[in-house]
Asks: 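Let me begin by handing over the structure; questions about it come next.
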Amino acid sequence: MERRDFLKAAALTGATAALDNCGNPEHQLIRFIPEEDLVPGVAEYKPSICTMCPAGCGLMVRVMEGDAEVIRHGEPGLIKMGLAKKLEGNPNHPISQGKLCGRGQAGLQVTYHPDRLRHPLKRSGPRGSGQYQEVSWDEAIKELVSRLSALRSANQPGSLAFLTQTVRGQRRELMEKFLKSFGAPPAVTTELFDDAVLRRANEVSFGRPQLPTFDLARANYVIAFGADFLGTWNSPVAQSVAYGEMRQGRAGVRGKFVMVEARVSQTGASADEWIPGRPGTEGILALGLAHVMIEQKLRRAGDAGHAGSLIEGWSKGLPDYAPPAVEASTGVPAAKIIRLAREMAAHPPSLAMVGGAPLAHSNGMFTALAVNGLNALLGNVGNPGGIFFQPQPPSGKAASGPPTSPKGSFSRVGELIQQAQNGNAPKGLLLYGANPVFTSPSSLGVREALEKIPYIASLGSFIDETSILADLILPDHSPLESWLDDAPESGAIGPVASLSAPAMRPLHNTRAMPDVLLEVAHQLGGEVAAALPWKSYDELLRVTFESYNKPQGKNQAAKPGDFWKTVQERGGVWSSSETASGALAGASHAPAAMLGPEFDGAEKDFPFHFLPYASQMLLDGSLAHLPWMQETPDPISTAMWSTWVEINPKAADGLGIVQGDLVEIASRHGKVQASALISPGIAPDFIAMPVGQGHEYFTRYASGRGANPVAILAPVAVPETGSLAWAATRVKISKVGKGKLVLFAGGIREHPQEGELR
Amino acid sequence: MSEKTIAQVNEDLLRPVLRTTRRFWIAVLLLGSVVAAGIGAFGYQVWNGIGVWGINRPVFWAFDITNFVFWIGISHAGTLISAILRIADAGWRRPVTRCAEVITLFALMIGGIFPIIHLGRPWLFFWMIPYPSERQIWPQFRSPLAWDFFAIGTYLTGSFIFLAYPMIPDFALVRDKVTGWRKKLYTVLALGWRGTPRQWHRLEKAMHIMAIVIIPVAVSVHTIVSWDFAMAPVPMWHSTIFGPYFVAGAIFSGIAGLIIAMAFLRKVLSLEDYLLPVHFDNLGKLLLTMCLVWVYFIFSERLTVWYGNESAEMAVFWTTQRGPFAPLFWTMVFCNFIIPFPLLAIKRFRTTITGVVIASWTVVIGMWLERYLIIVPSLSHKYLPYTYGSYRPTWVEVTILVASNAAMGLLYILFSKFVPIVSIWELKVGSHKPPVVHHRLSVVRDSSPTGASAIDDGLLTTDQ
Amino acid sequence: MARKWGMVVDLDRCTGCEACVVACRAENNVPTVGEDQAGRGRAMHWIRVERYWEGEFPEARLKFRPVLCQQCDAAPCEPTCPTYASHHTSEGLNAQIYNRCIGTRYCANACPYSVRFFNFYNPVWDKPFHLQLNPDVSVREVGVMEKCTFCVQRIQAAEIQAEAEQRDLKDGEFNPACVQTCPPKAMVFGDLNDPGSEVARLTRSNRATQLLGELGTRPSVTYFEAESWEEGEKDQG
Amino acid sequence: MMRVLYALYSDPDSAQRAFDSLRASGATPGFDERQIAVVSSEPFDGYDFFKQDHKTILPWIAALGGLVGGVAGFWFAAYTQAVYPIPTGGMPIVPFYADGVVTYELTMLGAILATLITMLFTARLPNWKRKLYDPEVSDGKILVGVFDAPETSRAGVEKKLIEAGAGGVKEFLSESR
């Protein structure tokens with residue numbers, strides 16, 4: 001076989017060499033025999049799964065034939081292969097419904113990224129120097145195995161830590177099985193904007209530790225407390241599709257959308273009514289609305305069902321939350337509160353959402369529970385136009401389902417750091433796409449802590465602030481090159497289990513993370529090998545998905561082979577049944593009295609609230625390495641390739657700051673610099689900055705660009721979950737010089753007045 | 001004022017042609033190197049792409065088209081003025097016409113280059129030219145750029161011929177005065193001119209017709225240049241006043257250019273006896289008129305926009321009045337009116353050559369700014385405020401602008417090296433007393449020693 | 001009757017998420033120019049989401065409007081091109097023939113919507129980004145103007161397919177990349193000359209408005225302005 | 001070869017005198033007015049001796065040239081548009097006003113070129129043959145002479161030329177008139 005290939009290759013080489021020698025390096029390369037038969041110019045569409053954010057949209061990948069430079073038999077050459085050309089929404093998939101956001105489409109650039117790691121690497125220079133040398137896969141895996149077995153034989157399997165990006169479904173399962181059988185603690189998902197608080201609250205309120213699915217399409221009145229549900233929060237594509245229906249999808253009905261936040265977000269921009277409230281008082285406002293509804297008999301407490309028990313004194317009509325009191329603490333006029341409550345009650349089904357900043361305060365749990373209570377009072381839980389909890393796929397109870405660590409990732413990372421500082425750092429660390437160095441406040445000293453760990457191996461595809469510390473790198477396939485499965489947490493009403501075969505062959509000498517784990521397990525032998533008996537990841541997937549093959553209603557179960565085939569063609573299995581929501585067990589648990597937020601920093605020294613927010617294009621910075629994302633203008637600021645600081649015109653005047661000035665934002669824990677952007681859409685006592693830029697090492701496109709607001713955040717946690725309270729920091733701002741804004745837009749007013757020319 | 005014999009005249013006016021000074025070589029060297037720098041800058045632009053300019057979206061035109069309009073404007077000095085003066089048979093024109101017409105020729109050449117070098121792919125400029133290509137695609141005759149091609153082509157041809165006609169007898173003169181290679185050269189250039197009545201009659205008739213034809217052509221050329229803007233739905237471009245506005249501006253800057261050139265020649269070629277203060281005085285009066293005409297036009301343009309108060313146009317309007325372009329705008333007003341007006345209106349200043357020349361310099365600068373202010377503010381403030389932009393030139397654009405001026409000087413110097421810069425025979429015509437008996441005019445004047453009237457008849461007397 | 005392609009954009013659905021912008025870039029090989037060039041105002045987005053502020057805090061409101069080539073009937077860009085690079089197709093598109101373009105940039109000046117984009121330099125794709133290029137769309141070289149084509153390559157493909165199968169095109173059978181990906185379904189594309197098509201139906205609606213229609217450009221893109229929520233009572237007290 | 005007898009005069013009036021006396025003698029057998037040749041370094045409009053060959057149809061030819069140019073111009077624009085009509089989205093294929101510009105410019109060009117060609121042709125330019133000329137002309141002298149005056153009248157001619165105020169009479173062999 002090898003030999004035949006070689007001969008053919010040789011023959012072709014001669015031909016090509018003779019044909020074209022026009023200086024173009026590609027023409028000097030030998031041509032390999034195509035490994036797949038493709039019709040040139042004809043596009044093939046293959047289902048896949050979007051991994052750019054945790055929403056888990058279903059993709060259709062447009063694959064066409066093209067020439068790629070690859071390495072075969074250790075020799076570089078050209079090969080005709082199927083190449084992913086475009087990502088589109090999978091029309092059958094219940095979450096994306098044929099649609100896809102910009103971030104999802106930029107997923108294509110992950111596969112073709114010039115700085116993607118192309119082969120296993122072993123550190124050759126000092127740690128953090130980024131000096132690596134290429135090693136073979138056998139070598140690399142052998143090394144990792146020896147390290148792990150050393151841990152095991154030293155009887156410290158427990159000191160193996162695993163930090164990962166959000167991973168669900170069978171890959172998660174595999175990870176956990178691996179760690180469990182090895183004797184290590186479960187993997188820690190490190191997300192800056194983790195929704196642990198809301199998951200915990202939903203567990204408390206409804207017995208479902210997961211993010212809800214919102215049935216916007218059938219809602220007539222929507223009030224969102226800080227939830228950027230059209231932009232970056234929860235399942236944006238599914239929510240946007242539903243939003244479109246809410247607005248114009250139903251003849252004669254146009255749902256109203258009210259947004260409560262301190263800075264006009266991309267979502268807030270679409271609101272009919274935009275209400276700035278004091279930070280961290282959203283829960284109080286929600287209960288204020290509930291108060292009015294009960295008091296004015298717009299809804300009977302009874303309607304709230306068991307949720308009525310959520311809040312003490314519910315039956316007493318929430319006496320503490322009378323409009324004047326609520327106005328006092330939230331700053332929202334009592335009259336407005338009354339009107340909103342009436343409107344909500346008058347236009348069922350009405351729906352309340354909470355997410356983002358309101359939950360990133362010391363009182364986040366209170367806020368979440370309060371809004372849950374409001375939803376319950378509105379009687380929309382599990383009902384059309386309300387909130388649903390998407391059933392999770394049956395199998396793998398152990399680790400599958402929503403990645404609800406009992407605690408938020410922040411505190412878990414915190415623990416690691418604690419251990420490190422107490423001198424008993426983990427002996428080994430596995431990294432998979434997690435970048436805690438970038439997504440944690442610098443005052444936490446994550447990097448310093450990680451440096452104390454003697455051995456770090458990364459399974460990721462890129463070198464970033466965290467993986468630059470790795471001693472060994474075993475680069476993963478890109479998602480489009482891998483077998484994938486996913487169990488979306490929310491976005492659909494029925495259960496969804498997505499599956500995708502590789503859409504294209506690997507471009508580089510990489511290996512899928514699950515296969516690496518299986519190989520390592522195999523070589524480790526013993527319990528680990530026993531716990532992970534599969535030869536390859538797709539074998540595991542097949543076993544799992546065949547188990548879903550049950551008679552659905554009247555139609556019989558399919559033949560195993562056929563089922564496996566159809567699942568791959570459709571991109572997963574799902575049912576459209578809405579009754580799947582399951583019973584809501586609610587424990588009686590409530591915040592006692594009105595609970596306000598606490599902030600880090602005294603108001604007189606740090607007059608501004610600091611609001612970091614997920615960048616529309618770069619999210620928490622994990623997409624900053626994609627030129628398409630860097631050059632797509634932010635919807636609000638229209639900025640590209642850079643960081644900006646949003647500040648209210650009046651506040652700016654007071655400080656003598658004008659558009660484009662370089663300003664310094666200082667908290668008790670550090671300072672960052674970026675260019676000022678004067679924006680009418682932010683409260684005068686707020687400073688907002690997008691997260692995403694400010695990478696130290698993250699490919700040629702993101703490195704050394706902009707500033708990272710997370711760095712200066714106060715390391716305070718939401719007590720109940722230990723998630724980072726990233727909205728609880730106070731800052732001061734000062735002008736330091738002339739900055740540079742890279743904006744796509746010129747004017748900001750549609751009809752500029754004489755005063756505001758440009 | 002000295003009276004001169006024909007021999008002296010020949011001697012004076014042929015000197016620059018026959019004798020080459022060191023100053024000449026230095027000037028050619030300096031200007032030449034600047035022009036070379038400009039060509040280098042253009043090469044740099046072609047090699048790297050036009051991105052080396054400061055242009056952007058939405059300001060797709062800036063220095064390039066400003067220079068184009070500016071130079072086409074300058075070109076309106078010569079031919080148009082001299083044609084009008086010829087038709088009016090203003091005697092004082094005689095020493096002036098040729099150096100005026102030369103300006104036209106060279107300004108047109110330089111101006112005409114800019115639409116080519118401003119292209120994204122300059123090597124394909126010939127696609128604008130109507131020729132039967134194998135693609136069988138003709139230019140888009142609806143496009144003002146195609147109109148430009150025809151207008152400038154016609155004007156260039158016309159002004160060259162108009163300039164060349166009266167050069168023939170002077171070439172004959174040089175032919176008789178020189179020897180060696182020059183003899184051969186000028187024998188050819190003279191086309192075998194002898195000066196029989198037949199030849200004189202045809203020549204004068206042809207020049208008369210040309211003078212009549214070239215005036216509407218000149219007017220049409222700058223009108224069409226203005227239509228490059230007026231045809232596009234861009235705020236403050238899409239205006240009917242642009243035609244006359246541009247023509248007036250062109251003549252305005254043209255006369256200024258002519259005055260500067262004349263002052264230059266007067267000094268360098270020591271033509272003090274031929275280019276007299278009275279010429280500058282008269283041209284100064286013309287400049288004054290055009291100055292007022294220009295003020296009238298810019299005022300009515302601004303007034304109609306401001307009164308109409310259409311939002312998109314007002315955005316542009318305010319950028320120039322108070323916004324980012326205000327400094328340039330008011331500088332322009334200073335250069336085009338506030339400084340030159342008193343200099344030209346007050347006789348004491350106007351009759352000093354320096355006064356007129358200073359006024360001319362400010363006008364030339366002001367008119368360049370005017371073209372810039374027509375193009376950039378409008379483009380940077382089109383209808384949708386989201387697309388507002390701004391513009392900064394790069395060294396490449398500046399170099400090319402400077403080089404274009406150097407090119408003008410260089411061509412001018414070289415021309416005056418090969419051709420008598422004052423039309424000698426026309427000068428003589430002005431000199432000889434018309435026959436008493438056969439005189440057609442009612443007035444018969446003796447040559448009075450000085451003053452404007454002297455220019456008419458008695459600049460010099462033939463020795464008898 | 002020849003087809004006439006048109007689009008309706010419902011601003012009440014548009015959330016300004018810019019999925020269309022990325023989709024267009026991916027479909028049409030629109031290059032990224034990098035920070036420096038973007039800073040000089042040379043970023044290319046065949047479709048862009050314009051955002052306009054209204055009022056001041058706390059009444060500050062924001063509105064989005066996706067703007068792409070309006071494919072005007074009376075297109076100012078067309079007659080200005082001396083080489084016919086910018087011309088009108090029989091199906092009502094303002095086509096740009098890249099290899100006829102000599103880069104006068106006049107069309108871009110004449111376009112009131114500023115939706116024409118110029119290649120100030122040769123586009124670069126750091127290898128292996130070049131593998132993501134769509135083979136159905138040509139890559140433009142330096143000095144050439146480019147613009148939204150309503151994804152003419154998709155139009156062609158669909159028409160050829162329909163012809164091969166000897167059938168008429170079905171309404172909504174295919175869509176430009178921006179329309180296809182738009183999550184809130186704010187855009188509708190189709191044949192305006194087919195009275196039964198959804199786009200034709202919507203264009204007849206009383207919500208229909210045109211962008212800068214007063215300039216007489218006769219655009220093929222129709223906008224539905226965002227609606228406001230009627231039955232809101234006034235705050236009492 | 002034609003033999004020319006000529007003299008040089010330094011002012012138009014004496015040239016006029018010479019011309020008149022020659023013309024007077026023209027009545028006597030020997031030669032007629034058309035054989036009298038004049039060459040000068042500047043035009044002397046108004047003098048009789050300068051009146052010869054004054055008539056010309058140059059203006060009419062210019063007008064004709066303009067007409068031809070205009071028609072050609074319009075045809076050029078209109079035909080290229082009409083022969084391969086490119087869709088204009090409802091605009092006219094042959095736009096009258098727009099084509100007017102090209103028509104106008106080519107009209108003018110036609111007139112200019114027609115004038116040039118006719119001028120050169122009728123003024124017999126260019127022509128580098130050896131023809132009646134004297135370099136002194138360029139110093140302001142006016143040449144008056146007679147082509148092929150019969151030997152019989154030679155003495156008379158010379159006398160007349162001298163009387164008119166010439167320094168002397170010269171002879172010149174010209175290839176043609």
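So you know, we letter chains A, B, ... as the sequences are listed, proteins then strands, and number each from 1.
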Asks: Looking at every non-hydrogen atom in both residues, tell me the closest pair between Arg116(C) and Arg57(B) and how far apart they are.
Replies: O-CD, 3.8 Å

Asks: For Glu214(C) and Tyr383(B), run side-chain contact (heavy atoms from CB on, under 4.5 Å): C-alpha distance rounded to whole Å, both residues' side-chain angles, the deciding distance at 0.1 Å, then the answer.
Replies: CA-CA 11 Å; Glu214(C) 68 273 17; Tyr383(B) 293 93; 5.8 Å; no

Asks: Kindly give the heavy-atom pair with the smallest separation between His118(B) and Thr104(C), and that separation in Å.
Replies: NE2-O, 3.2 Å

Asks: Please state whether the side chain, the backbone, both or neither of Pro235(B) comes within less than 4.5 Å of a heavy atom of chain C.
Replies: neither

Asks: Do Ile137(B) and Arg100(C) have side-chain heavy atoms sitting under 4.5 Å apart?
Replies: yes

Asks: Restricting to non-hydrogen atoms, name the atom on Tyr106(C) and the atom on Trp61(B) that form the minimum distance, rounded to 0.1 Å.
Replies: CD2-CH2, 3.5 Å

Asks: Return the option, out of Thr83(C), Leu212(C), Val142(C), with the maximum number of heavy-atom pairs under 4.5 Å with chain B.
Replies: Leu212(C)

Asks: Chain B: which of Pro76(C), Cys111(C), Cys81(C) shares the most heavy-atom pairs with it under 4.5 Å?
Replies: Cys81(C)

Asks: Among Trp127(B), Trp123(B), Phe125(B), Phe126(B), exactly one meets side chain to side chain contact (heavy atoms under 4.5 Å, CB included) together with Ile102(C). Which residue is that?
Replies: Trp127(B)

Asks: What about Trp138(B) and Tyr84(C), are their ring centers closer than 6.0 Å?
Replies: no

Asks: Applying side chain to side chain contact (heavy atoms under 4.5 Å, CB included), can you list everything that pairs with Thr66(B), at least two apart in sequence or on another chain?
Replies: Trp368(B), Arg371(B), Tyr372(B), Ile375(B)

Asks: What parts of residues 31-52 of chain C touch chain B if we use heavy atoms and a cut-off under 4.5 Å?
Replies: Arg40(C), Gly41(C), Arg42(C), Arg48(C), Val49(C), Glu50(C), Arg51(C), Tyr52(C)

Asks: For the residue pair Val234(B) and Asn109(C), what are the closest heavy atoms and their distance?
Replies: CG2-O, 3.1 Å

Asks: Which pair of heavy atoms, one from Pro82(C) and one from Ala146(B), lies closest together, and at what distance?
Replies: CB-N, 4.4 Å

Asks: Looking at side-chain heavy atoms only, is the closest gap between Val67(C) and Thr387(B) below 4.5 Å?
Replies: no

Asks: Report the C-alpha separation of Leu384(B) and Arg65(C) in whole Å, then their side-chain angles, then the decisive distance to 0.1 Å, and conclude whether the side-chain contact (heavy atoms from CB on, under 4.5 Å) test is met.
Replies: CA-CA 11 Å; Leu384(B) 301 172; Arg65(C) 167 183 269 117; over 6 Å; no

Asks: Within a strict 4.5 Å, meaning less than it, do heavy atoms of the Val52(B) and Tyr121(C) side chains meet?
Replies: yes

Asks: Who among Asp148(B), Val59(B), Leu379(B), Ile65(B) has the most heavy-atom pairs with chain C under 4.5 Å?
Replies: Leu379(B)

Asks: Can you name the nearest heavy-atom pair linking Phe118(C) to Ile50(B), along with the distance?
Replies: CE2-CG2, 3.4 Å

Asks: With a 4.5 Å cut-off on heavy-atom pairs, point out which of Trp237(B), Phe141(B), Trp147(B), Tyr386(B) contacts chain C the most.
Replies: Tyr386(B)

Asks: So for Phe149(B), is it side chain, backbone, both, or neither that comes closer than 4.5 Å to the heavy atoms of chain C?
Replies: neither

Asks: Can you say whether Asp64(B) sits under 4.5 Å from chain C via the side chain, the backbone, both, or neither, judging by heavy atoms?
Replies: side chain

